[in-house]
2 protein chains.
Amino acid sequence: MLDDVEQKILEVMLQDARISLKDLAARVGMSSPSVSERLRRLEERRVIRGYTVEIDPKALGYQLQAIVRIRPLPGQLQVVQKLIENTPEFGECDKVTGEDCYIARLFVRSIEQLDQVLDRIVDKAETHTAIVKMQPIRRRAPPLRLG
Amino acid sequence: MLDDVEQKILEVMLQDARISLKDLAARVGMSSPSVSERLRRLEERRVIRGYTVEIDPKALGYQLQAIVRIRPLPGQLQVVQKLIENTPEFGECDKVTGEDCYIARLFVRSIEQLDQVLDRIVDKAETHTAIVKMQPIRRRAPPLRLG
DNA sequence: CGTGAAATCCATGGCCG
DNA sequence: CGGCCATGGATTTCACG
């Protein structure tokens with residue numbers, strides 16, 4: 001799926017996506033034009049979806065994260081999904097199998113704000129809320145080499 | 001917490017972290033050196049944790065994602081956390097309040113691999129697994145402006 | 001697909017408003 | 001704090017293996 005060079009490129013870019021082509025090329029032992037072409041193809045193949053900046057929620061005042069399991073009441077599925085999408089404090093939302101239709105991550109500044117956000121859903125869905133105490137794995141790409 | 005310029009910078013960088021300073025400067029209506037300085041300070045303040053590449057798991061063959069709630073058996077908490085951390089297929093893991101000690105995201109290639117990964121935990125914890133069917137919100141930064 | 005050299009473009013640091 | 005300008009680097013293009 002990925003050759004050695006592509007794997008190395010992604011490993012380096014996962015750590016610092018703003019590295020210069022020159023430095024990246026040195027790290028993978030190739031010339032800049034080659035590495036540039038490799039990147040272009042990884043983007044074209046959509047292995048690389050894009051480049052982004054990692055922002056620390058705490059530095060913006062979001063002291064609290066919660067994982068919320070959400071089970072919309074009968075007939076409220078679409079309404080609830082739209083509500084989640086339109087609430088910017090939700091930073092992630094997966095629609096999953098099982099009784100809980102949605103599992104979502106919430107960034108909030110306080111317990112009060114958590115309460116406030118959940119109150120907007122409470123008459124349309126059952127929710128189970130778990131406060132994040134620690135993040136043993138904050139975010140990690142899937143293994144680049146087949147396991 | 002963020003002034004207008006900083007907010008704009010982050011908005012642009014969230015979309016494309018490899019944009020040149022020149023283009024970024026044009027987008028925020030300032031000179032390159034000024035924007036460069038702003039970026040440096042955002043990094044220094046640790047609002048910006050880093051720059052990374054977004055990889056599409058499906059393009060690497062990970063056709064399936066699952067959200068797993070994990071409740072270690074008595075005495076197995078540390079063991080289970082280490083096991084999760086050392087299993088590269090886990091792409092996220094939060095330690096949370098409530099009966100489920102951990103909530104984790106799993107990238108796998110198949111149901112067989114899912115079974116295989118969960119089998120390594122089954123004698124140390126109770127698990128509830130939900131297969132991801134859709135991602136209404138894939139990943140989103142918290143609101144840059146206070147809500 | 002890769003390299004190396006040349007031309008263009010960009011980032012950086014000093015200095016002035 | 002920000003703009004401008006000059007200089008040193010980085011990126012891109014192209015001819016060639």
S.K.: Within less than 4.0 Å of OP1 or OP2 of C/dA11, is there a side-chain N or O belonging to B/Ser36?
M.R.: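 For C/dA11, OP1/OP2 do not have a side-chain N/O of B/Ser36 under 4.0 Å.
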S.K.: On DNA chain C, does the nearest nucleotide to B/Asp23 precede the nearest nucleotide to A/Asp3 from the 5' side, or the other way round? Give the residue.
M.R.: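 Of the two residues, A/Asp3 wins.
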S.K.: In whole angstrom, what separates A/Glu37's CD from C/dG4's P?
M.R.: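 Rounded to whole Å, this separation is 17 Å.
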S.K.: Specify the separation, in whole Å, of atom CG of A/Leu39 and atom P of C/dG2.
M.R.: 12 Å
S.K.: Between B/Gln81 and B/Glu85, do the side chains contain an N or O donor and an N or O acceptor separated by less than 3.5 Å?
M.R.: yes
S.K.: Under 3.5 Å, is there a donor on one side chain and an acceptor on the other for B/Gln135 and A/Glu92?
M.R.: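 Absent: no donor and acceptor within the cut-off.
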S.K.: Output the single nucleotide from D/dT11, C/dT3, C/dA11 whose closest atom is nearest the side chain of A/Met30.
M.R.: C/dT3
S.K.: Can you find a side chain N or O atom of B/Ser34 that sits less than 4.0 Å from OP1 or OP2 on D/dG2?
M.R.: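 For B/Ser34, the contact criterion (side-chain N or O under 4.0 Å from OP1 or OP2 of D/dG2) is not met.
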S.K.: Atom CG of B/Leu24 and atom P of D/dG2: how far apart are they, to the nearest Å?
M.R.: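 Those two atoms, CG and P, are 13 Å apart.
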S.K.: In this structure, how many angstroms lie between the P atom of C/dC9 and the NZ atom of B/Lys22, rounded?
M.R.: 9 Å
S.K.: Please classify the nucleic acid contact of A/Arg41 as base, sugar-phosphate, or nothing, using heavy-atom distances under 4.0 Å.
M.R.: sugar-phosphate
S.K.: So among B/Leu2, B/Ile48, B/Leu39, which one has a side chain to side chain contact (heavy atoms under 4.5 Å, CB included) with B/Ile9?
M.R.: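 Among B/Leu2, B/Ile48, B/Leu39, the one meeting side chain to side chain contact (heavy atoms under 4.5 Å, CB included) with B/Ile9 is B/Leu39.
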S.K.: Quick one: A/Ile19 CD1 to D/dT11 C1', roughly how many Å, whole number?
M.R.: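 In whole Å, D/dT11 C1' and A/Ile19 CD1 are 14 Å from each other.
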S.K.: Rounded off to whole Å, could you give me the CZ-to-P distance for the B/Arg18 and C/dA11 pair?
M.R.: 11 Å
S.K.: Nearest to the side chain of A/Ser20, heavy atoms from C-beta on, is which of C/dT3, D/dT11, C/dG13?
M.R.: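 Selected nucleotide (nearest to the side chain): D/dT11.
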S.K.: Nearest-Å distance, CZ (A/Arg27) to C1' (D/dA10)?
M.R.: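 It is 17 Å, rounded to the nearest whole Å.
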S.K.: What is the nucleic acid contact for A/Arg40, judged by heavy atoms within less than 4.0 Å: base, sugar-phosphate only, or nothing?
M.R.: nothing
S.K.: Distance check needed: C/dC1 P versus A/Glu44 CD, whole Å only.
M.R.: 11 Å
S.K.: With a 4.0 Å limit, can you tell me whether B/Arg38 has a side-chain N or O closer than that to the phosphate oxygens OP1/OP2 of D/dC1?
M.R.: no
S.K.: If hydrophobic clusters are built by linking Ile, Leu, Val, Met, Phe, Trp and Tyr wherever their side-chain heavy atoms come under 4.5 Å apart, do B/Val53 and A/Leu21 end up in the same one?
M.R.: yes
S.K.: For B/Tyr51 and A/Glu54, which I'm curious about, is there any donor-acceptor pair between the side chains at under 3.5 Å?
M.R.: no
